[in-house]
A.B. asks: 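My questions all concern the structure below.
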Amino acid sequence: MNLTKRYRDLSILSGFSDKDLVIACDSSAGIGEKELDAVQVNPAVTAAFCLRVPLMELLCYGAEPIAVVDLIGNEHDPTGKNMLKGIREELIKAELSHLSLNGSTEENMPTKTSSIGITVIAEAKAKECFKMQETCSLLKLGTPYVGEKVIKNQQKIFSYPLVRSLRKEQGVLDMLPVGSKGIRYEAQLMTEGSDFYADFFSEEELDCSGGPATVILVAVSSEEESKILTQYSELKKIGEFKKR
């Protein structure tokens with residue numbers, strides 16, 4: 001019996017009493033201080049934003065992280081040390097500093113580009129995966145940044161506490177971080193398996209990469225839309241989910 005199912009970018013393992021294990025991962029390469037890195041930045045920043053992606057995916061699903069595993073494709077000193085520093089600082093921002101780290105570095109081969117992969121394991125109350133069943137509003141949190149723009153706009157990127165707060169709102173039906181395929185793709189993913197589609201107000205930024213989860217899409221019930229937009233000024237309505 002297969003206890004693992006794929007949901008969006010998550011792997012969900014069932015059969016653990018009343019809870020599921022939920023797994024998310026991300027990787028980053030060519031961003032750091034190595035000779036052939038395309039974007040030059042402290043590896044601590046690279047690792048922090050690599051961790052941000054699976055954390056956001058899990059928080060949007062409603063899962064609570066319990067373990068972090070890092071796979072660093074570079075030497076421990078100095079690149080690995082800097083990356084681990086960035087991971088620990090990001091965990092503090094996410095109010096997860098209590099989590100222990102496990103992982104590995106590359107000590108056998110010299111490398112000329114920076115690379116890291118991170119897996120986060122979380123647990124969540126066993127539930128059915130979301131399926132859209134009503135006409136609702138499509139809101140956007142954040143602005144799509146990638147590469148150098150992420151570095152330049154770090155202070156503008158939304159926080160973990162804000163995402164946690166949104167996830168708890170009664171009118172929030174679904175939340176999904178935007179990845180490299182852009183807003184249009186992720187909005188379509190939110191309607192998967194339903195009779196609904198995303199009707200956008202504008203084509204602007206729909207196909208831009210969301211980089212390291214610098215944008216989150218939020219499906220909000222029509223009845224709660226006004227209240228949530230008033231309470232969270234960071235949100236912007238960009239369309240509606242309508243029945244075909």
A.B. asks: Could you note down all residue pairs passing salt bridge (charged side-chain N to carboxylate O under 4.0 Å, His left out) where residues 98-115 supplies at least one of them, sequence neighbours left out?
C.D. replies: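 Counting only pairs at least two positions apart or across chains, no salt bridge (charged side-chain N to carboxylate O under 4.0 Å, His left out) contact touches residues 98-115.
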A.B. asks: Under the side chain to side chain donor-acceptor pair (under 3.5 Å) test, which residues partner Glu223, sequence neighbours left out?
C.D. replies: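 With sequence neighbours excluded, Glu223 shows a side chain to side chain donor-acceptor pair (under 3.5 Å) to no residue whatsoever.
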A.B. asks: Which atoms form the tightest heavy-atom contact between Pro43 and Met83, and what is the distance?
C.D. replies: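 Heavy atoms only, the tightest pair is O-CG, 3.6 Å.
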A.B. asks: Between Tyr232 and Ser165, does the side chain to side chain contact (heavy atoms under 4.5 Å, CB included) criterion hold? Intermediate values first, please.
C.D. replies: CA-CA 10 Å; Tyr232 298 93; Ser165 178; 2.7 Å; yes
A.B. asks: Please tell me whether Ile72 and Phe49 are part of a single hydrophobic cluster in this structure, the criterion being side-chain heavy atoms less than 4.5 Å apart.
C.D. replies: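 In one cluster with Ile72: Phe49, no.
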A.B. asks: Sort and list the pairs that fulfil salt bridge (charged side-chain N to carboxylate O under 4.0 Å, His left out) and have at least one residue in residues 191-212, not counting sequence neighbours.
C.D. replies: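 Sorted pair list: Lys140-Glu205, Arg184-Glu203, Arg184-Asp207, Asp199-Lys242.
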A.B. asks: Going by the side chain to side chain donor-acceptor pair (under 3.5 Å) test, which pairs reach into residues 58-76, not counting sequence neighbours?
C.D. replies: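 Those involving residues 58-76 are Lys34-Glu75, Glu64-Arg164, Asn74-Thr111, Glu75-Thr79.
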A.B. asks: Check whether Val218 and Phe241 end up in the same hydrophobic cluster, where Ile, Leu, Val, Met, Phe, Trp and Tyr are linked by side-chain heavy atoms less than 4.5 Å apart.
C.D. replies: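 Yes: a chain of side-chain contacts under 4.5 Å links Val218 to Phe241.
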A.B. asks: Where do Cys136 and Leu173 come nearest, in terms of heavy atoms and distance?
C.D. replies: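 Smallest interatomic distance, heavy atoms only, reads CB-CD1, 3.9 Å.
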A.B. asks: Rounded to the nearest 0.5 Å, what separation is found between the CZ atom of Arg88 and the OG atom of Ser97?
C.D. replies: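 Output value for this atom pair is 11.5 Å.
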A.B. asks: Checking side chain to side chain contact (heavy atoms under 4.5 Å, CB included) for the pair Tyr145/Lys152: CA distance, chi angles, key distance, verdict?
C.D. replies: CA-CA 9 Å; Tyr145 297 126; Lys152 293 177 181 178; over 6 Å; no
A.B. asks: Given side chains that start at C-beta, do those of Leu99 and Pro65 come closer than 4.5 Å, heavy atoms only?
C.D. replies: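 The answer is yes, as the side chains (C-beta and beyond) meet within the 4.5 Å cut-off.
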A.B. asks: Other hydrophobic cluster members with Val146, side-chain heavy atoms of Ile/Leu/Val/Met/Phe/Trp/Tyr under 4.5 Å, chained?
C.D. replies: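 When side chains under 4.5 Å apart are linked, Val146 ends up in no cluster with other residues.
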A.B. asks: Using every non-hydrogen atom in the two residues, find where Phe130 and Met190 come nearest and quote the distance to one decimal.
C.D. replies: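 Minimum heavy-atom contact is CE2-O, 4.0 Å.
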A.B. asks: Do Met175 and Val163 come within less than 4.5 Å of each other through their side chains, counting heavy atoms only?
C.D. replies: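 Yes, close enough: below the 4.5 Å cut-off.
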A.B. asks: Provide the closest heavy-atom pair for Ile216 versus Cys60 in the form atom of the first, atom of the second, distance.
C.D. replies: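 Reported closest heavy-atom pair: CD1-SG, 3.6 Å.
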A.B. asks: Under the criterion side chain to side chain contact (heavy atoms under 4.5 Å, CB included), I'd like the reasoning laid out for Tyr7 against Val22: C-alpha separation, chi angles, the key distance, then a yes or no.
C.D. replies: CA-CA 10 Å; Tyr7 177 63; Val22 189; over 6 Å; no
A.B. asks: Not counting sequence neighbours, list each pair that qualifies as a salt bridge (charged side-chain N to carboxylate O under 4.0 Å, His left out) and has a residue in residues 113-124.
C.D. replies: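 Residue pairs passing salt bridge (charged side-chain N to carboxylate O under 4.0 Å, His left out), neighbours aside: Lys19-Glu123.
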A.B. asks: With a cut-off of 3.5 Å and sequence neighbours excluded, list every side-chain donor-acceptor pair involving residues 8-16.
C.D. replies:
unit_1: Arg8; atom_1: NH1; unit_2: Asp174; atom_2: OD1; d: 3.2
unit_1: Arg8; atom_1: NH1; unit_2: Asp174; atom_2: OD2; d: 3.2
unit_1: Arg8; atom_1: NH2; unit_2: Asp174; atom_2: OD2; d: 2.8
unit_1: Ser14; atom_1: OG; unit_2: Asp20; atom_2: OD1; d: 3.4

A.B. asks: Is the closest basic N to carboxylate O distance between Lys85 and Glu89 below 4.0 Å?
C.D. replies: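 Salt bridge present between Lys85 and Glu89.
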A.B. asks: Around atom NZ of Lys236, are there more than 12 heavy atoms of other residues, nucleotides or ligands at under 6.0 Å?
C.D. replies: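 No, NZ of Lys236 has 12 or fewer neighbouring heavy atoms, counting only those of other groups under 6.0 Å.
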A.B. asks: Please say which of Ile87, Asp26, Leu71 ends up in a side chain to side chain contact (heavy atoms under 4.5 Å, CB included) with Ile118.
C.D. replies: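 With Ile118 as partner, Ile87, Asp26, Leu71 yield a single side chain to side chain contact (heavy atoms under 4.5 Å, CB included), made by Ile87.
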A.B. asks: Compare all side-chain heavy atoms of Leu51 with those of Ile116 and state whether any distance is below 4.5 angstrom.
C.D. replies: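 No. Closest side-chain heavy atoms not under 4.5 Å.
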A.B. asks: Got a sec, which residues hit salt bridge (Lys or Arg N to Asp or Glu O under 4.0 Å) with Lys131, two or more places apart in sequence or on another chain?
C.D. replies: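 Salt bridge (Lys or Arg N to Asp or Glu O under 4.0 Å) list for Lys131, sorted by chain: empty.
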A.B. asks: Could you grab the distance from atom OG of Ser137 to atom CD1 of Ile238, nearest 0.5 Å is fine?
C.D. replies: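 Separation between the atoms: 11.0 Å.
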A.B. asks: Looking only at non-hydrogen atoms, find the nearest pair between Ala122 and Ala63 and report the distance.
C.D. replies: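 Closest approach of Ala122 to Ala63: CB-CB, 3.7 Å.
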A.B. asks: Do Leu235 and Ile228 make a side-chain contact, defined as non-hydrogen atoms from C-beta onward lying under 4.5 Å apart?
C.D. replies: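 SC-SC contact between Leu235 and Ile228 confirmed.
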A.B. asks: With the 4.5 Å side-chain cut-off for hydrophobic clustering, are Leu96 and Leu166 part of the same group?
C.D. replies: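 Both belong to a single hydrophobic cluster.
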A.B. asks: Taking atom NE2 of His98 and atom CD1 of Ile66, what is their separation to the nearest 0.5 Å?
C.D. replies: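 Output value for this atom pair is 9.5 Å.
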A.B. asks: Considering non-hydrogen atoms only, spot the tightest contact between Leu217 and Ala187 and give its length.
C.D. replies: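 Between these two residues, the closest heavy atoms are CD1-N, 3.6 Å.
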A.B. asks: Lys149 and Thr214: side chain to side chain contact (heavy atoms under 4.5 Å, CB included), yes or no, with the steps?
C.D. replies: CA-CA 11 Å; Lys149 289 184 178 180; Thr214 63; over 6 Å; no
A.B. asks: Determine which pairs satisfy side chain to side chain donor-acceptor pair (under 3.5 Å) with at least one residue from residues 39-56, sequence neighbours left out, and list them in order.
C.D. replies: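 Every pair satisfying side chain to side chain donor-acceptor pair (under 3.5 Å) with a residue in residues 39-56: there are none.
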A.B. asks: Apply side chain to side chain donor-acceptor pair (under 3.5 Å) to Glu240 and list each qualifying residue two or more places apart in sequence or on a separate chain.
C.D. replies: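 Result, side chain to side chain donor-acceptor pair (under 3.5 Å) vs Glu240: Lys237.
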A.B. asks: Is there a side-chain contact between Leu59 and Arg167, using heavy atoms and a 4.5 Å cut-off?
C.D. replies: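 Not touching, per the 4.5 Å side-chain cut-off.
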A.B. asks: Taking only residues two or more places apart in sequence or in another chain, which ones pass salt bridge (Lys or Arg N to Asp or Glu O under 4.0 Å) with Asp18?
C.D. replies: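 Asp18 satisfies salt bridge (Lys or Arg N to Asp or Glu O under 4.0 Å) with no residue once adjacent residues are dropped.
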A.B. asks: Side-chain contact, heavy-atom cut-off 4.5 Å: Leu91 with Leu101?
C.D. replies: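 Contact flag for Leu91/Leu101 side chains = yes.
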A.B. asks: Considering only Ile, Leu, Val, Met, Phe, Trp and Tyr, and joining two whenever side-chain heavy atoms are under 4.5 Å apart, list the other residues clustered with Val69.
C.D. replies: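 Via sub-4.5 Å side-chain contacts, Val69 links to none.
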A.B. asks: Going from NZ on Lys181 to CG on Leu189, what distance comes out if it is rounded to the nearest 0.5 angstrom?
C.D. replies: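 Output value for this atom pair is 9.0 Å.
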A.B. asks: Mind checking the OG-NZ spacing from Ser159 to Lys93? Nearest 0.5 Å is all I need.
C.D. replies: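 Output value for this atom pair is 10.5 Å.
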A.B. asks: Determine whether a donor-acceptor pair (N or O, by modelled atom type, separation under 3.5 Å) exists between the side chain of Glu225 and the backbone of Val220.
C.D. replies: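 Looks like no, no N/O pair under 3.5 Å.
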A.B. asks: Hydrophobic clustering (ILVMFWY, side-chain heavy atoms < 4.5 Å, transitive) - are Val178 and Phe158 grouped together?
C.D. replies: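 Yes, same cluster.
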A.B. asks: Among the clusters formed by ILVMFWY side chains lying less than 4.5 Å apart, do Phe200 and Leu176 turn up in the same one?
C.D. replies: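 Same hydrophobic cluster.
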A.B. asks: Count the heavy atoms of every other residue, nucleotide or ligand shown that sit under 6.0 Å from NZ of Lys127, and state whether that count exceeds 12.
C.D. replies: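 More than 12 within 6.0 Å, yes.
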